[in-house]
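These notes are about the structure you will find just below.
On a predicted model such as this, the values are computed, not experimentally measured, just so you know. In what follows, chains carry the letters A, B, and so on, assigned in the order in which the sequence lines appear, proteins first and then strands, with residues in each chain numbered from 1.
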Amino acid sequence: MRATVAVRPKPGILDPQGEAVRGSLKHLGFEVTETRVGRLVELELEATDPEAARREVERMCEQLLANPLIETFDIEIAT
Amino acid sequence: MTESARAPRPRIGVVTFPGSNDDRDAVHAFGLLGADARLVWHAEEELPRLDAVVLPGGFSYGDYLRCGAIARFAPVMHAVADFAADGGPVLGICNGFQVLCEAGLLPGVLRPNASLSFVCRDVPLRVENARTPFTTRCEAGQRLVISVKHGEGCWTYPEDELEALEASGQIVLRYEPEANPNGSLADVAGVVNAAGNVMGLMPHPEHAVDPLLGSPDGCLILGSLVDAARARMAVAA
């Protein structure tokens, strides 16, 4: 079973990386009003029950994959 | 700089993680200040008898995921947390500060510099709280010049909770406002935990122990810790 975790900078948290990317996009002629840069973590799991897998990945996020002070996370489970 | 050889030499352990690179500088600096400093390998599950612990600068585990996020799971960190819970003084410098924040031993988190550039220069600091074990040799309001060298030093904390931290004296060092090298909230350069025995700072006091290197002001921070370690040693004896 595969899990995909999207870790994003929390709303309101200054994202200098996103700002730099937005500046470069603008330089290329693209009009973008906001850019936020996060991180994608792909996990292969041995679990067979999607709900159990989701709970386990939530614990991974809380303990390591995201820092709750500055980041949010979304989990997708694909069987 | 060498302090009296007759004063008891407190034992200060400097943890080496894979990727630490200021560990030997810290041992050297504490040696100059009259401590018996030694390296402690990150894989150790127990600490030797120590009077203070230092987590040094560097790039532990390549700063993978978030700086300090992996190092906090090093075997030695359980022992460091126990040492801190017992009231032992713990100082995190730069990457060590990042590790202590990720481990939940210090408030906040260090994010990439607002400029996205690695910054390496001397910065002026102001001592906000001179009553911590890390600043007893300083005076409140004193100006120190100590170098920084980091890419992720932007200390971040919920803004609505900052006032409580300030009120409890947990903001120990600030950059002078026009000299903030990383965009940290409220120009914070160093914080202490609520109990007052765990401190982290982005500047490198171990690189400021000799006027030849630009400034001896780091001695005030590290020397304060040597004093605190010596006091703990006397209690334990």
Side-chain angles (χ1 to χ4, degrees), chain A residues 2-28 30-47 53-77, chain B residues 60-74 77-78 81 95 97-119 150-162 164-165 170 180-188 191 193 200:
Chain A
R2 171 172 285 248
T4 306
V5 181
V7 181
R8 298 183 171 87
K10 259 188 176 174
I13 289 274
L14 182 73
D15 177 21
Q17 194 176 193
E19 268 306 294
V21 171
R22 193 181 69 86
S24 296
L25 288 172
K26 191 174 177 188
H27 187 74
L28 287 169
F30 296 105
E31 276 309 321
V32 182
T33 52
E34 190 181 19
T35 309
R36 312 279 285 172
V37 175
R39 182 188 315 120
L40 200 72
V41 184
E42 292 182 331
L43 305 159
E44 282 296 336
L45 304 171
E46 297 211 334
R54 177 175 296 277
R55 282 195 299 275
E56 193 168 51
V57 175
E58 270 174 16
R59 282 174 37 231
M60 294 180 199
C61 289
E62 286 157 7
Q63 291 175 34
L64 176 62
L65 300 181
N67 184 321
L69 272 183
I70 50 170
E71 293 167 331
T72 60
F73 58 85
D74 285 306
I75 300 168
E76 259 183 51
I77 305 282
Chain B
S60 58
Y61 298 90
D63 277 352
Y64 293 157
L65 195 63
R66 297 177 306 276
C67 49
I70 310 285
R72 72 172 258 231
F73 295 104
M77 285 304 294
H78 284 288
N95 187 224
F97 185 12
Q98 296 162 342
V99 174
L100 290 172
C101 284
E102 281 285 343
L105 293 173
L106 284 176
V109 57
L110 283 311
R111 303 187 61 239
N113 296 346
S115 65
L116 287 182
S117 297
F118 191 93
V119 179
H150 60 248
E152 305 194 27
C154 178
W155 184 79
T156 303
Y157 192 72
E159 277 190 58
D160 52 349
E161 297 171 34
L162 179 66
L165 274 194
Q170 287 182 251
N180 183 337
N182 52 44
S184 65
L185 179 66
D187 301 316
V188 169
V191 299
N193 65 342

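- Atom CG of residue A:Leu69 and atom SG of residue B:Cys101 lie 8.5 Å apart, to the nearest 0.5 angstrom.
- Residues satisfying the side-chain hydrogen bond (donor to acceptor under 3.5 Å, both in side chains) test with A:Glu31, not counting sequence neighbours, are none.
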Could you work out all donor-acceptor pairs shorter than 3.5 Å where one atom is in chain A and the other in chain B?
{"residue": "A:Leu14", "atom": "O", "partner": "B:Arg111", "partner atom": "NH1", "Å": "2.7"}
{"residue": "A:Leu14", "atom": "O", "partner": "B:Arg111", "partner atom": "NH2", "Å": "3.1"}
{"residue": "A:Arg39", "atom": "NH2", "partner": "B:Leu65", "partner atom": "O", "Å": "3.2"}
{"residue": "A:Gln63", "atom": "O", "partner": "B:Arg72", "partner atom": "NH1", "Å": "2.9"}
{"residue": "A:Leu64", "atom": "O", "partner": "B:Arg66", "partner atom": "NH1", "Å": "2.9"}
{"residue": "A:Leu64", "atom": "O", "partner": "B:Arg66", "partner atom": "NH2", "Å": "2.9"}
{"residue": "A:Leu65", "atom": "O", "partner": "B:Arg66", "partner atom": "NH1", "Å": "3.2"}
{"residue": "A:Asn67", "atom": "ND2", "partner": "B:Glu102", "partner atom": "OE2", "Å": "3.2"}

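- Contacts between A:Ile70 and chain B at a heavy-atom distance below 4.5 Å involve the side chain alone, from C-beta outward.
- In the displayed structure, A:Glu44 atom CD is contacted under 6.0 Å by more than 12 heavy atoms of other residues, nucleotides or ligands.
- Taking every heavy atom of both residues into account, B:Leu116 and A:Ala20 meet most closely at CD1-CB, 3.5 Å.
- Taking both residues in full, the closest heavy atoms of B:Pro112 and A:Pro16 are given as O-CG, 4.2 Å, listed atom of the first, atom of the second, then distance.
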